[in-house]
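Working notes, structure below.
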Amino acid sequence: MRISINKTARYADREDAILKKSLRKSLGGFSIVFAALAGPALAEFPEKEITVTVGFGPGGGVDTITRAAADALSSSLGQAVVVTNQPGAGGGLALTALKAKPADGYNLAAAISTTISFDPHSANVSYGIDDFEYIGAFGVFPEALVALPSRDWNDFKDVIAAAKDAPDGFTYASTTSLDRVVMKSISAKEGVVLKPVPTKGGAEAVAAVLGGHVDFAYSSGTYYAQAAAGALHVLAGLGTNPIPGFEGAPTLKSLGYDISSVNMVIYAAPAGIPDDAKAKLVAAFEAAAQSKPVLDVLAKRNMGSFTLTGAAFDEQIRAQSAQFKAAME
């Protein structure tokens with residue numbers, strides 16, 4: 001009888017152990033199911049490094065400003081910001097490549113605003129203004145029309161008045177298709193002849209006017225040192241605000257011409273990035289714009305401290321695009 005009772009107890013203990021083991025398995029299974037239903041925890045942007053591809057070569061203005069901003073951007077975003085270069089087509093190659101990249105916020109391109117606002121209207125490019133999200137813009141290139149002080153022209157209106165009395169008109173050193181569109185628009189409005197003399201860049205354009213080979217020149221900023229020294233005279237700025245250091249010089253807008261060029265260093269992402277990613281990128285660029293390294297580079301390059309981000313930037317570049325489109329028609 002004792003043996004029977006002991007056996008029964010042992011069987012009961014064994015069944016109890018089996019039941020507990022089965023219960024643990026069931027609970028474990030439920031945990032897995034619940035975990036699967038809940039899904040992984042959503043990570044906040046950014047989870048990894050962010051790449052900014054500069055559309056110009058190392059050492060230039062866009063590259064220098066971007067590298068100056070990288071540390072401040074990294075501090076704000078909590079991830080490394082890697083700067084690479086893909087020069088070509090005035091920033092167009094980098095933007096073409098950006099268009100094809102994932103719209104996740106981890107890929108940006110640095111170019112100049114006219115690459116977006118002007119080039120699609122004047123060249124056969126594979127991108128348009130709607131292909132990108134506009135994150136931020138730093139500084140404004142101090143674009144201007146300059147001439148020798150000995151010409152005794154106070155501003156660009158004096159040039160126009162003199163051109164009306166010149167049978168063959170005037171020549172000017174040209175560096176971009178943009179300045180040719182601007183001058184063509186003014187020539188048509190005023191009924192004068194302003195003939196472009198193409199150059200290979202700002203330095204050559206400045207040399208042409210200093211040497212007396214042209215009547216005046218367009219320059220995006222190379223003229224600055226010579227103008228500050230008194231060797232060149234600023235006739236008009238192409239932006240909407242006066243040029244820092246030459247606030248007495250008018251802008252084309254203030255002279256009555258409905259055309260301007262606010263050419264900025266810009267940062268764009270592929271269209272359609274998540275709202276939270278865009279908001280964090282915009283905030284990071286706003287902070288970087290006020291960082292000492294960026295302000296120092298902008299001051300050194302005479303680009304002021306002008307910045308635009310987010311919706312205001314988007315509005316500005318679209319307004320410029322519409323202006324250039326009208327000028328081309």
Side-chain angles (χ1 to χ4, degrees), residues 37-56 62-86 91-117 119-120 125-139 262 264-291 293-295 297-298 305-321:
L37 290 174
L42 295 176
E44 291 189 3
F45 175 88
E47 299 179 77
K48 58 182 181 179
E49 68 182 27
I50 293 167
T51 299
V52 182
T53 302
V54 176
F56 299 86
V62 179
D63 180 73
T64 303
I65 292 169
T66 302
R67 292 182 187 277
D71 285 344
L73 292 172
S74 180
S75 295
S76 295
L77 295 167
Q79 293 286 349
V81 173
V82 179
V83 179
T84 63
N85 297 84
Q86 188 177 9
L93 289 185
L95 287 173
T96 299
L98 180 69
K99 178 183 173 182
K101 291 180 180 178
D104 54 13
Y106 291 100
N107 292 287
L108 306 177
I112 55 177
S113 51
T114 51
T115 311
I116 292 285
S117 62
D119 289 1
V125 298
S126 60
Y127 58 83
I129 198 165
D130 294 325
D131 290 321
F132 307 104
E133 300 279 356
Y134 299 99
I135 308 301
F138 293 162
V262 182
M264 306 167 286
V265 175
I266 67 166
Y267 300 90
I273 66 172
D275 290 343
D276 66 320
K278 182 174 181 179
K280 288 185 177 180
L281 287 169
V282 168
F285 273 86
E286 287 175 350
Q290 302 306 314
S291 68
V294 170
L295 291 174
V297 171
L298 291 175
S305 57
F306 177 85
T307 57
L308 277 177
T309 56
F313 176 25
D314 186 273
E315 181 180 351
Q316 167 87 347
I317 202 163
R318 289 180 183 278
Q320 270 198 294
S321 176

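Not measured: the values here are computed from a predicted model. The chain is numbered in sequence order, starting from 1.
The backbone N or O of Ile317 sits nowhere less than 3.5 Å from a side-chain atom of Ser321 that would complete a donor-acceptor pair. Side chain of Asn85 to main chain of Phe56: a donor-acceptor pair is present (N/O by atom type, distance under 3.5 Å, no hydrogens or angles). Using a distance-only test at 3.5 Å, with no hydrogens or angles considered, no donor-acceptor pair links the side chain of Ser291 to the main chain of Ala287. Remark: the backbone N or O of Gly272 is paired with a side-chain donor or acceptor of Glu133 at under 3.5 angstrom. In this structure, the side chain of Asp119 does not engage the main chain of Ile116 through any donor-acceptor pair within 3.5 Å. Counting only distance, with no hydrogens or angles, the side chain of Thr115 and the backbone of Ala111 share no donor-acceptor pair below 3.5 Å.
Side-chain contact check for Ile112 versus Met264: every heavy-atom pair is 4.5 Å or farther apart. Proximity of Leu298 to Ile65: side-chain heavy atoms (C-beta onward) are separated by under 4.5 Å at one or more points. Using a 4.5 Å heavy-atom threshold, the side chains of Gln320 and Ser113 count as touching. The shortest side-chain heavy-atom distance between Thr96 and Val125 does not fall under the 4.5 Å cut-off. At least one side-chain heavy atom of Tyr127 sits less than 4.5 Å from a side-chain heavy atom of Pro120. Between Thr53 and Thr66, every side-chain heavy-atom pair lies at or beyond the 4.5 Å cut-off. Residues Gln316 and Val262 form a side-chain contact, since some pair of their non-hydrogen atoms from C-beta on lies under 4.5 Å apart.
Across all their heavy atoms, Glu44 and Glu47 have their closest contact at O-CG, 3.7 Å. Contact detail for Leu295 and Ser305: the closest heavy-atom pair is CD2-CB, 3.9 Å. In terms of heavy atoms, Ala109 sits closest to Leu98 at CB-CD2, 3.6 Å.
With rounding to the nearest 0.5 angstrom, the CD1 atom of Ile273 is 5.5 Å from the CG atom of Leu281. To the nearest 0.5 Å, atoms OG (Ser74) and CD (Glu49) are separated by 10.0 Å. Note that CZ of Phe285 and CD of Gln290 are 14.0 Å apart. Values are rounded to the nearest 0.5 Å. Here CD1 of Ile266 is found 8.0 Å from OG of Ser117. Values are rounded to the nearest 0.5 Å. Expressed to the nearest 0.5 Å, how far CG of Leu93 lies from CD of Gln86 amounts to 6.0 Å.
Partners of Thr309 according to the side-chain hydrogen bond (donor to acceptor under 3.5 Å, both in side chains) rule, which considers only residues two or more places apart in sequence or in another chain, are Glu286.
A salt bridge does not link Lys280 to Asp276: none of the charged nitrogens lies less than 4.0 Å from a carboxylate oxygen. Salt bridge status for Asp130 with Arg318: present, with a side-chain N to carboxylate O gap under 4.0 Å.
Between Thr84 and the choices Val52, Val54, Thr51, the side-chain contact (heavy atoms from CB on, under 4.5 Å) rule is met once, by Thr51.
Phe138 has its ring centre less than 6.0 Å from the ring centre of Tyr267.
Taking the six-membered ring where tryptophan is involved, the planes of Phe313 and Tyr134 are perpendicular, since the angle between them exceeds 60° and thus also 30°.
Under a cutoff of 6.0 Å and an axis angle of 45°, Lys48 and Tyr106 form a cation-pi pair.
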